[in-house]
Structures are given as structure tokens and as C-alpha cells.
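All residue numbers in this chain count up from 1 along the given sequence. Scope of the values below: all heavy atoms of this structure, side chains included, with no hydrogens, waters or symmetry mates.
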Amino acid sequence: MRRSLALVLALALTASVAAISPAGADETSKLQSQLDALVAAKGGPPGAIVVIQRGDGQQVLTAGVADLATAAPLDPDQHLHVASVSKAFSGAVALSLVDQGVLSLDDTIAQRLPQYAELWGKVTLRQLLGHTSGVPKFITSPVTQERIAASPGLAPPPTTVLEPVQDDPLEFRPGTKYRYTNTDNFLVGLMVEAVTGRTYADVLATQVTDELGLTQTTLPAGPELPMPFVHGYDMRKPKTPDDVSELLAGGWAWAAGGVVSTPADLTRFVRGYVGGKLFGPEVTAAQRKVRRGVSEPPGPGKNAAGLALFRYTTRCGVVYGHTGNTFGYTQLVAATPDGTRSVIVSVSTQLAPDGSDVFPALRTTEETAVCAALTG
């Protein structure tokens, strides 16, 4: 029996390897080298993990470790902060409610959130999801920065987080410009609560995580991560990096960046979200009507902005997804338009365009990961 089982496993492994085309194998080999170089770079992440899904076949590549203190290896079932990938989750919630007729893309703040109507009333849900609303950024307010510094591990309710800018006028006429802001997704979350009479976290669970079988995805209010988790680091002092995994309470980012998940759950999410499992073709068409816009941080290839989704046109083809970064983490989730192929790239430090060589190297690695998914 053991010999038969071993033979079956050997044949299955051979079939899996044989299913990857030479071009896909080349991209995968290149990807592993790039991951190793990224982790070895000055200021690079202590750990990086890529999950590639091609149909039912999954491939996992890693470099570095999940925890510098223990040298624990990385795996797809470890938790991490997904940062602004949370905006794709809030988009999934809102668009599923649009598909069900509970919300409309043309619903305005005046209709759904009258407490903000005086200055922001004409802004629509469509504009909030597409970052063309003109609402001011609460995260850059000096008052917000002072509040976070005074209480990083304990956040107030979402409406209190918005207080520093709620009396500020729109920065431009809605629909005329693209400007990425967390305020948009806070207002999306509040709209969801207003029309359902339930908390955003509850609606997120019923509309998205339960629907897609995401058993390890949550929206915590505090800073704690479930075990096991990938430790995130501030690499500004590479010899003695600071562990910032549980520095900031999720409530400070809420519907814009507070989700905690795993690479395995993110794979299921992006395949379902992009692949049409949460809403129908009419809503999908509206979502994918793109304009000039770049995700923050920029994703691989040429970026264009849809509704709670970005189109990434790479050297190997087009994928849709989202990026994110926060203290200790940088993320990319993306899938082909039909959701059959996907890629997750997670690294354990915050990377952004800052003039160093590390972020361009990350973008190159992300594009190679997309190519490995598409050409395999």
C-alpha cells in the first residue's frame, strides 16, 4: 500500500511539473532568484512569499523567514495585515449590495450619510469606490497624526476617525480627478452600515468572507494578529530592525486598511472577487471601466483604476487586483479577468517609492510573479 501511494504521489508531482510550460518554468526560476535578491537587499524585507494559482494547481515560493527571532519559515496559512487590499474587500461588500439592489452606484452621501451632506453631499458611491470623490484625506491631518501617536494600539470609532476633516470642503469637483484616499473607503463602510443597519464587520462576513469560504480573514479593532503570523519589520535600521507587527490598531484603517488575512485566504478572495462570484456581469462591467490612476503603492506594469480594483497591464498580460502597504507589510493580490489564475505577493516590510532600489525591485518581482501565473 505504501509503495502504491508513493507511486501515485510521484506521478501527481510529475504531472504538476509537466503542466508548467517552459516559459512558465523560466519565469518561476527567475521569480525565485528575484525573491532571494529582494530579501538580501539592504532595506529589503526579512521575508517574502508568493502564492501562484493556475486553475486547481498551486505553487508557493518563499525567501527569508517569517520571524527573525525564531527563523520560522513562511507558509500560506500565516496571518498578516493586508493594508489597502482591504479596499478591495470594502469594494466587494458594496458591489455585492449593489448587485442585490440594496445600494446603487449613484447613491449619494446626502442620501445615505446626511451627517456629511453639507460639504460632501453630491459625492456618489461610484466616486468613492473609484477615488474620484474629492473628499479630503484624514490620514494627513495633523490632528489625526497626533491622535495616532497618542494611542496607536487603541482606535476610536470610524466616525471619530473622520472628525479632523469632516468640516473641510471637497478638494475638487466630484468625478473630475483621481486622488487615492482612505477617507473614500471609510465613507463606503459607513454607507454599508447605513443601508443594512448592521456593523460593517458583520456585513463583510456575510457578503464576502462566508460567501468565499475565507475562514482566516477578519477585521480586528485592535493591533493583535492571530497565531501563527508573519512578523512585519521596520527596516530603516537593517542591523536591528523593529518588529512592528502589532503596533497599530486595525480600527485606525478600518474599511480602508484594517483587514487581517493569510496568503491562502487572499488567493481565494481575489479569485472570487475578480472572477465574478460575488456579483454579476453588469456590476463587473461598471467596476472595470477604468481611468488613469495608480494604486498605492503602484502595482506591476501599467496601472489603471476601476472601482475598488486596479488593472495591471504587464509584459505577459492583464490582471486585476489591488496593492497595499502599512507598518511592516506590503501586498499585491491579482487575478486574471475570469479568476482562474492568480498571484499573491506578500513581503514583511513597508515598501513604497522612496528613491531606493528596493521598491523598483519589488515591482519587477511582482511582474515576474504575474508572468509565472499567466505563462505556466
Side-chain angles (χ1 to χ4, degrees), residues 84 86-87 89-98 100-151 154-204 207 219 221 249-258 283 286-287 289 291 293 296 305-308:
S84 283
S86 304
K87 293 177 173 67
F89 281 89
S90 60
V93 173
L95 292 172
S96 68
L97 293 175
V98 169
Q100 295 167 11
V102 179
L103 272 172
S104 165
L105 287 172
D106 296 319
D107 283 351
T108 65
I109 286 179
Q111 291 172 299
R112 300 302 187 183
L113 300 172
Q115 67 270 38
Y116 301 110
E118 183 177 355
L119 295 173
W120 306 345
K122 293 182 179 180
V123 172
T124 66
L125 176 62
R126 187 192 310 271
Q127 291 159 349
L128 292 172
L129 291 172
H131 295 297
T132 62
S133 69
V135 295
K137 295 184 176 184
F138 73 81
I139 195 66
T140 57
S141 163
V143 175
T144 299
Q145 296 295 317
E146 290 170 7
R147 289 180 175 180
I148 293 175
S151 179
L154 182 63
T159 51
T160 304
V161 175
L162 292 183
E163 280 181 352
V165 295
Q166 69 182 22
D167 295 324
D168 293 349
L170 296 174
E171 296 180 347
F172 53 84
R173 183 163 58 87
T176 61
K177 295 181 182 180
Y178 172 87
R179 186 169 297 166
Y180 187 96
T181 170
N182 288 345
T183 311
D184 285 330
N185 292 84
F186 266 65
L187 293 168
V188 170
L190 292 174
M191 273 195 178
V192 167
E193 292 190 335
V195 298
T196 62
R198 298 152 57 200
T199 66
Y200 171 71
D202 184 34
V203 184
L204 173 65
Q207 295 292 124
L219 184 71
W252 285 113
W254 194 49
V283 174
Q287 181 186 39
K289 186 177 181 181
R291 65 180 296 153
E296 292 191 14
L307 304 183

| task | Please tell me if the side chains of Arg126 and Asp106 come closer than 4.5 Å, counting only heavy atoms from C-beta onward. | result | yes
| task | With rounding to the nearest 0.5 Å, note down the distance linking CH2 in Trp120 to OG1 in Thr183. | result | 6.5 Å
| Within a strict 4.5 Å, meaning less than it, do heavy atoms of the Glu163 and Thr144 side chains meet? | no
| said: Does any part of the side chain of Glu193, heavy atoms only, come nearer than 4.5 Å to the side chain of Val203, both counted from C-beta? | reply: no
| field | Heavy-atom side-chain proximity of Thr140 to Thr181 below 4.5 angstrom | value | no
| request: Show your reasoning for whether side chain to side chain contact (heavy atoms under 4.5 Å, CB included) applies to Gln127 and Lys122. | output: CA-CA 10 Å; Gln127 291 159 349; Lys122 293 182 179 180; over 6 Å; no
| request: Report the C-alpha separation of Thr124 and Asp107 in whole Å, then their side-chain angles, then the decisive distance to 0.1 Å, and conclude whether the side chain to side chain contact (heavy atoms under 4.5 Å, CB included) test is met. | output: CA-CA 5 Å; Thr124 66; Asp107 283 351; over 6 Å; no
| Backbone N/O of Ile148 and side chain of Ser151: donor-acceptor pair under 3.5 Å | no
| said: Holding to side-chain contact (heavy atoms from CB on, under 4.5 Å), I want the full list of residues that pass it with Tyr178, two or more places apart in sequence or in another chain. | reply: His131, Tyr180, Arg291, Ala305, Phe310
| message | Suppose we screen for ring pair (Phe, Tyr, Trp, His ring centres under 6.0 Å). Which residues come up paired with Tyr200, at least two apart in sequence or across chains? | response | Trp254
| task | Please step through side chain to side chain contact (heavy atoms under 4.5 Å, CB included) for the pair Val192 and Gln207, ending with a clear verdict. | result | CA-CA 11 Å; Val192 167; Gln207 295 292 124; over 6 Å; no
| Which distance, rounded to the nearest 0.5 Å, do you find between the CZ of Phe186 and the CG of Leu113? | 13.5 Å
| Within a strict 4.5 Å, meaning less than it, do heavy atoms of the Val188 and Leu125 side chains meet? | yes
| request: Please identify each residue that fulfils side-chain hydrogen bond (donor to acceptor under 3.5 Å, both in side chains) with Ser90, with sequence neighbours left out. | output: Asn185
| request: Look up atom CG in Asp168 and atom CG in Leu119, then write down how far apart they are to the nearest 0.5 Å. | output: 8.0 Å
| Heavy-atom donor-acceptor pair, Ser84 side chain to Lys87 backbone, under 3.5 Å | no
| request: Using the side chain to side chain contact (heavy atoms under 4.5 Å, CB included) rule, take Leu190 and Tyr116 through it: C-alpha gap first, then chi angles, then the decisive distance, then the call. | output: CA-CA 11 Å; Leu190 292 174; Tyr116 301 110; 4.0 Å; yes
| Rounded to the nearest 0.5 Å, how far apart are CG of Asp202 and CG of Leu219? | 11.5 Å
| request: Kindly indicate whether the side chain of Leu95, heavy atoms from C-beta on, has any atom under 4.5 Å from the side chain of Leu129. | output: yes
